[in-house]
There are 2 protein chains.
Amino acid sequence: MQKKRLLFFILSYFSFMYIVAQEKKETLTWEIGYHKNAGETPAKWLPSTVPGAVQLDVMKGENYKQPYWYGNNVEQFDWMEDWYFTYRTKFKKPVLGAGQKLYFHSKGIDYHFKVLLNGVELLEQEGMFTYVDIDLTSALKETNELKIVIRPVPKIKEAATFVKGTETYRQNARESAKPAVSYGWDWHPRLVTRGIWDETYLSIRNEAHITTTDITYELNEALTAAQVRLNVEGTSLAGKNFKWLLKDNTGKTVSAQTGQLQSGKEVIIGKLDNIKLWWPNGYGEPVLYTSELELYDAGKKLLDRKVSRIGFRKVKLLMNEGAWDEPNIFPVTRNVSPSSFEINGKRIFAKGTNWVHPEIFVGTITPSLYETQVKLAKEANMNILRVWGGGITNKESFYDYCDQYGMLVWQEFPLACNNYTDDAAYLRVLEQEARSIVSRIKQHASLVLWSGGNELFNSWSRMTDQSLALRMLNSICYQLDPKTPFIYTSPQFGMGHGYYVFADLEKKEELYQWMARANKTAYTEFGVPGAANVEVLKSFIPAAELFPPALNTTWESHHGLGAWGDKRWLDMPVLEHYFGKIESLEDLVKYSQLTQSEGLQFIYEEARRQKPYCSMALNWCFQEPWPSAANNSLLNWPNVIKPAYYAVAKACRPILASVRAPKFSWTKGEAFTGEVFMLNDTHQSLEAGEATVTILFDGKEQTLLNWAFAATKAFENIEGPTARIILPAIKDQFFKIKVTVKGKPEYTSVYTFLFKEAGK
Amino acid sequence: MQKKRLLFFILSYFSFMYIVAQEKKETLTWEIGYHKNAGETPAKWLPSTVPGAVQLDVMKGENYKQPYWYGNNVEQFDWMEDWYFTYRTKFKKPVLGAGQKLYFHSKGIDYHFKVLLNGVELLEQEGMFTYVDIDLTSALKETNELKIVIRPVPKIKEAATFVKGTETYRQNARESAKPAVSYGWDWHPRLVTRGIWDETYLSIRNEAHITTTDITYELNEALTAAQVRLNVEGTSLAGKNFKWLLKDNTGKTVSAQTGQLQSGKEVIIGKLDNIKLWWPNGYGEPVLYTSELELYDAGKKLLDRKVSRIGFRKVKLLMNEGAWDEPNIFPVTRNVSPSSFEINGKRIFAKGTNWVHPEIFVGTITPSLYETQVKLAKEANMNILRVWGGGITNKESFYDYCDQYGMLVWQEFPLACNNYTDDAAYLRVLEQEARSIVSRIKQHASLVLWSGGNELFNSWSRMTDQSLALRMLNSICYQLDPKTPFIYTSPQFGMGHGYYVFADLEKKEELYQWMARANKTAYTEFGVPGAANVEVLKSFIPAAELFPPALNTTWESHHGLGAWGDKRWLDMPVLEHYFGKIESLEDLVKYSQLTQSEGLQFIYEEARRQKPYCSMALNWCFQEPWPSAANNSLLNWPNVIKPAYYAVAKACRPILASVRAPKFSWTKGEAFTGEVFMLNDTHQSLEAGEATVTILFDGKEQTLLNWAFAATKAFENIEGPTARIILPAIKDQFFKIKVTVKGKPEYTSVYTFLFKEAGK
């Protein structure tokens with residue numbers, strides 16, 4: 001047996017020399033048309049860009065106002081919701097070798113559709129996250145017409161009674177597995193995209209081919225070795241020879257298996273020693289191995305080949321430190337839910353952000369856009385992205401980049417802020433979509449948490465632990481991917497969401513106070529709004545509307561006003577409370593972005609100061625899918641960095657000196673106080689050192705405190721003394737507090753505070 | 001087709017005339033022996049009672065001290081834990097008709113065992129809740145020996161390091177699906193029972209026979225009609241004819257289906273109109289229908305017959321009223337979990353108790369014992385039993401009686417107060433046991449809630465939402481019984497467990513205060529200890545030890561002292577705090593039982609006063625499996641009623657007048673206050689009426705208040721005024737407060753309070 005395998009190995013090694021394309025992809029040229037009723041043929045056909053969206057094709061083909069994100073142009077698309085769209089393409093039967101098959105393959109069609117070949121229905125599917133893969137071979141003619149008929153936007157029966165507005169309008173999403181955000185949100189217009197939204201092509205395959213490879217592994221206790229299982233499924237595999245190589249990150253082959261497959265569903269087992277683990281950003285290298293599976297016929301002809309990447313890591317969601325010690329006062333309820341990630345046996349502090357899709361038309365998202373933004377998150381010292389349940393499950397390249405850049409992924413299913421129904425028809429669609437999503441994404445080293453969806457156990461959603469959709473998702477994740485933690489929703493018990501303002505004028509409170517008082521296991525959403533950059537505002541708001549901002553202008557349609565109450569997200573009353581009457585667009589943007597930057601810096605650092613009970617800080621939100629006038633995001637669409645991004649990046653440094661101040665606005669004679677901390681999220685101890693706190697105002701710098709701090713343990717913060725000063729008269733509008741560490745300029749933090757004359 | 005069915009129906013009707021026994025049961029005579037190692041033969045054989053327990057057989061066969069529950073006799077069994085026990089029985093091959101088979105059938109063997117026939121191993125099983133059903137036919141000889149070899153008590157590897165004591169000793173249960181309570185609890189001695197514990201016999205069956213029938217139904221929106229599905233599985237069913245009758249509670253056939261089975265796994269569908277629903281006690285009749293499935297050969301010979309009962313009801317666990325209105329203070333966490341039962345579209349108030357098994361040797365529990373105790377619960381106006389996860393899943397007759405008496409069942413899996421492991425071997429056993437338990441018990445109308453187990457999310461257990469055992473149980477319940485609610489554990493978020501004392505002397509608080517302040521969705525455990533009745537104490541405590549109670553006597557081994565700290569469950573310091581030095585056993589029992597009665601009356605009524613936010617009240621616990629010296633139970637073992645039982649029965653009346661007093665002990669000159677309520681848990685409105693509050697002392701009765709209350713809505717309480725009196729000098733040790741309703745003596749409530757001279 002061993003000899004035979006060796007011989008085969010040698011043969012197959014040489015076969016490498018003349019590899020042929022195992023799957024040949026043929027792109028298609030598409031047209032699109034719309035019609036009011038199901039059976040109709042469109043009155044006219046327009047060229048279609050695939051992947052894309054039905055709206056974009058009509059916009060280009062019928063000379064709509066462009067760009068779609070300017071002013072109120074988006075309203076042009078409103079009429080389309082209740083119309084059918086049909087895609088069509090024509091192709092000649094390709095030349096097929098012996099036993100070869102022609103498949104139609106699509107990685108995403110949004111949302112409820114039929115596929116017809118030469119007028120014959122081959123598939124009806126509801127769900128945009130389940131790949132379509134249809135063997136066309138037996139139905140082929142010499143010339144073929146393939147059609148995809150897309151049904152109108154799904155809405156619930158009561159839709160007619162809803163009033164347009166984010167709170168109720170989104171309820172139309174609650175009987176479908178479509179991303180809820182497109183029905184309208186406080187930062188997203190009502191724009192329900194549809195159409196072919198991911199790679200779609202004809203595929204010529206050998207009769208014997210691999211359909212899925214699924215790799216699981218069992219690490220030993222010491223995390224140094226693993227048994228790796230490759231689960232192969234395919235067509236006509238029995239009797240075919242395989243070669244399976246695992247290569248490390250240097251390209252060196254570390255495991256090689258060869259043999260003959262016995263059936264269409266097989267498990268191949270490999271063993272690995274001296275494993276280099278995959279680590280998230282800030283904790284080590286995100287080492288990836290490569291799996292190469294090749295399929296051969298009895299001779300040496302390569303029939304198919306699948307290459308994928310694996311990262312070896314162990315993930316747990318542990319009880320937060322101290323959470324078991326909370327007092328038991330009878331009658332006692334349960335303790336909080338665990339929210340503390342342990343990766344490869346070590347707790348981490350999860351610093352990151354909430355991820356929404358980076359383009360409103362998800363069909364236009366490219367791998368390079370994903371890479372740009374994942375890199376920006378990494379460069380901001382983040383290690384986790386929460387893929388929020390109101391949006392899409394991303395295309396495959398997103399997860400590839402997260403693997404590559406060491407960015408943990410918390411993946412939610414497409415449920416958000418609704419009471420999703422227990423009805424069987426919905427559960428069937430959700431089950432299909434969830435099985436597709438889990439099977440695909442569980443392969444990624446970066447995937448560390450499944451979540452049912454967003455804010456489902458809060459009063460504005462009203463799902464509960466008994467909702468069948470959530471019990472089903474838990475069950476599917478347990479069946480398909482039991483080693484990855486699952487939570488029903490965020491916030492789970494102990495986590496906190498919000499607030500999303502710098503100050504609450506009614507309660508006369510600022511985030512400085514409520515965050516210092518909060519005692520949550522994880523802050524998984526919090527936001528401080530900031531206006532878009534000036535040049536961004538000018539790019540989509542007509543000049544006449546630019547200043548002052550007003551309702552019923554582009555400021556409102558782009559969520560600067562009237563998005564959450566009349567005032568947000570610009571929140572002029574808060575800005576004028578601090579800064580007085582604002583006279584120009586430039587000042588408005590400056591003050592708004594200052595409060596966003598200072599606010600987010602405070603929250604991230606405060607969450608870290610609350611470690612180890614607190615284990616996570618994720619702001620709402622990283623980016624935006626179209627240009628908002630004001631938003632909690634760190635990036636303007638498409639990739640324009642707001643100042644808050646840099647503030648967050650600083651607050652997320654692995655080690656830094658930090659000062660907790662009690663408020664933002666000060667006046668002469670008040671006693672400023674600042675508690676000093678050294679924050680250390682690394683797995684190394686922080687060496688002893690000396691920190692100095694100074695105050696900067698009117699061009700002067702004055703020392704408030706020197707603190708000789710002791711060395712910390714690994715992953716440990718240290719709390720120091722409180723810096724104090726009775727504030728003198730200050731001429732500048734702002735003063736700064738700076739904390740530096742001798743010989744470690746990279747630990748420096750600076751905070752800006754407002755100085756006002758008393759009574760102003 | 002219709003004609004043929006009619007003909008068959010007529011034929012089969014007549015076939016009824018000469019029904020033969022379809023399954024013939026043959027009882028077996030057993031012997032038992034013990035041995036130190038796996039492969040050994042016992043040195044001697046003793047007669048065995050089956051079902052029973054290995055301890056009881058040895059006790060009887062070797063003249064141990066009896067009864068086992070007297071004094072410290074239970075310690076006699078300690079040595080057995082690490083020994084093997086082998087059962088054996090001999091039988092002659094029975095006469096089998098053509099195609100007939102002989103099965104060995106057991107409904108419960110505790111815990112890890114092998115079954116051998118004539119020295120050949122037929123089965124190894126870990127788990128006492130999975131029925132054993134083995135076809136012996138092909139292995140039979142003329143004379144046969146059947147052996148069951150039972151392994152030693154399962155313990156965890158670290159067992160040797162544990163100190164005897166309830167808190168740590170029970171951890172030995174955390175890698176098995178054995179009831180944890182037998183490893184020692186604060187009301188249960190260390191006594192790990194083993195052996196054949198449920199019906200066990202040889203079964204002669206026709207080749208074609210039914211193995212399982214599983215009935216599910218889909219009620220229409222109005223709950224008046226149902227589609228009923230009978231899922232039949234069996235052996236050699238293809239080609240056999242069936243007749244399936246559904247009969248209502250008067251015996252009238254309301255649905256009849258006949259036909260031919262095509263395979264060994266079939267679904268038969270019936271339809272029912274004018275359904276009489278099953279209701280829990282206090283809300284209507286627990287109507288049961290009968291399903292009769294008969295299997296015939298091509299002629300008219302009856303081959304097999306299965307009869308079962310069905311109750312039609314719809315159950316939901318809804319968010320408690322008001323729980324969505326709790327304030328959202330940012331950062332906001334999730335809302336509480338839902339704990340409010342809705343049965344047949346109507347919310348109920350769940351009044352009940354925690355159920356433990358009624359005999360320490362579960363093999364000795366008889367159907368009539370189950371019936372006696374379920375009836376007692378019903379007669380106490382209860383409607384729900386929580387089958388606590390520290391104990392067993394009951395034998396089938398328990399659930400039959402719950403169906404019959406309208407007693408809802410909350411069934412926990414065998415996990416309690418431990419951090420059950422994520423290890424694969426344990427998960428496999430738990431999965432097998434859970435599938436057996438769910439498949440069996442889901443058939444019962446009374447089953448309304450699955451729960452992972454007891455107090456698993458509290459600091460003394462330390463399981464979490466991420467524990468694989470719990471995610472697996474949720475998944476199994478979702479797969480097999482999705483319509484029945486599932487909770488991970490009690491308390492879930494919002495529920496309360498405890499306290500288990502009348503007063504906390506350290507905190508200087510009584511249950512009157514902490515219960516009035518508590519704000520829980522459901523009080524699913526709370527207790528007030530009471531001494532056993534005098535004659536019960538005398539039956540198991542040697543006369544010399546009876547008074548005063550002391551540690552290191554039967555008072556301790558029977559949990560009156562040293563069970564939870566030194567003082568409990570007798571809690572002498574509390575009794576002497578109120579009643580001064582106690583001079584006799586009779587006084588001790590009187591005072592202890594008074595505080596238990598008054599305390600439980602207050603808690604049940606307080607939980608009901610907190611309706612609708614509060615939806616449930618279950619005391620810890622109903623009965624006990626052997627005689628405790630003092631315990632929170634309402635019944636002494638075996639069925640001796642303690643006074644608290646009657647107090648609870650009164651507090652659980654569907655409608656009653658209720659007074660909330662602020663404390664138990666009063667003195668001259670204090671202002672007694674009592675808030676008056678009319679409590680109505682029924683689905684009828686309570687008519688307007690007049691309530692009167694009086695005080696009774698020194699043989700006098702004085703009116704404090706008359707209250708003309710308005711009619712309530714269905715299921716609605718009404719809160720009245722507060723009765724007040726400056727207490728005069730009272731000669732009696734106690735005074736009473738009484739509330740009556742004119743013309744409705746059944747609504748009267750009476751409360752006893754202690755009167756003491758100031759400073760005493």
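All chains are named by letter (A, B, ...) in the order of the sequence lines, taking the proteins before the strands, and each is independently numbered beginning at 1. Computed from a predicted structure; not experimentally measured.
Only the side chain of A:Gln479 comes within contact range of chain B, judged by heavy atoms closer than 4.5 Å. Only the backbone of B:Thr484 comes within less than 4.5 Å of a heavy atom of chain A; no side-chain atom from C-beta onward does. Contacts of B:Phe526 with chain A are absent, with no heavy-atom separation under 4.5 Å from either backbone or side chain.
Heavy-atom neighbours of chain A within the stretch residues 421-430 of chain B, taken at a separation under 4.5 angstrom, comprise B:Leu427.
Interface check for chain B: of the options A:Thr521, A:Asn474, A:Asp504, the most heavy-atom pairs under 4.5 Å are formed by A:Asn474. By number of non-hydrogen pairs under 4.5 angstrom with chain B, the leading residue of A:Trp324, A:Tyr523, A:Tyr478, A:Trp514 is A:Trp324. Ranked by heavy-atom pairs under 4.5 Å with chain B, the first of A:Gly496, A:Ser337, A:Ser475 is A:Ser475. Between chain A and the residues B:Ser461, B:Ala518, B:Ser490, B:Ser459, the most heavy-atom pairs under 4.5 angstrom are made by B:Ser459. Of the residues considered (B:Pro482, B:Ala323, B:Gly494, B:Pro331), B:Pro331 shows the highest number of contacts with chain A, using heavy-atom pairs under 4.5 Å. Your options are B:Arg462, B:Glu455, B:Gln466, and the one with the most heavy-atom pairs under 4.5 Å with chain A is B:Arg462. The greatest number of non-hydrogen atom pairs below 4.5 Å with chain B, out of A:Lys520, A:Arg471, A:Arg517, is found for A:Arg471. Note on A:Leu468, A:Ile329, A:Asp325, A:Ile476: by heavy-atom pairs under 4.5 Å with chain B, the leading option is A:Leu468.
Under the rule for a side chain to side chain contact (heavy atoms under 4.5 Å, CB included), the partners of B:Thr489 that lie at least two apart in sequence or sit in another chain are B:Leu456, B:Phe457. By the side chain to side chain contact (heavy atoms under 4.5 Å, CB included) test, A:Pro529 pairs with A:Trp569, A:Asn632, sequence neighbours left out. Residues forming a side chain to side chain contact (heavy atoms under 4.5 Å, CB included) with B:Lys567 (at least two apart in sequence, or on another chain): B:Asp571, B:Pro573.
Outside the 6.0 Å centre-distance limit, the rings of B:Trp410 and B:Trp450 are not counted as a close aromatic pair.
Side chains of B:Ser339 and B:Ser615: no donor on one and acceptor on the other come within 3.5 Å. For the 3.5 Å distance criterion, the side chains of A:Tyr488 and A:Asp465 fail to qualify, holding no donor opposite an acceptor. Looking at A:Asn354 and A:Trp620, their side chains never bring a donor and an acceptor atom within 3.5 Å of each other. No hydrogens or angles considered: nothing links the side chains of A:Asn458 and B:Arg334 as a donor-acceptor pair under 3.5 Å.
For the pair B:Gln610 (side chain) and B:Ala607 (backbone), a donor-acceptor distance under 3.5 Å is absent. For A:Lys314 (side chain) and A:Ile343 (main-chain N/O), no donor-acceptor pair under 3.5 Å exists by modelled atom type.
Using bins of under 30°, 30° to 60° and over 60° for the plane-to-plane angle, the ring pair B:Trp564/B:Tyr500 lands in the perpendicular bin.
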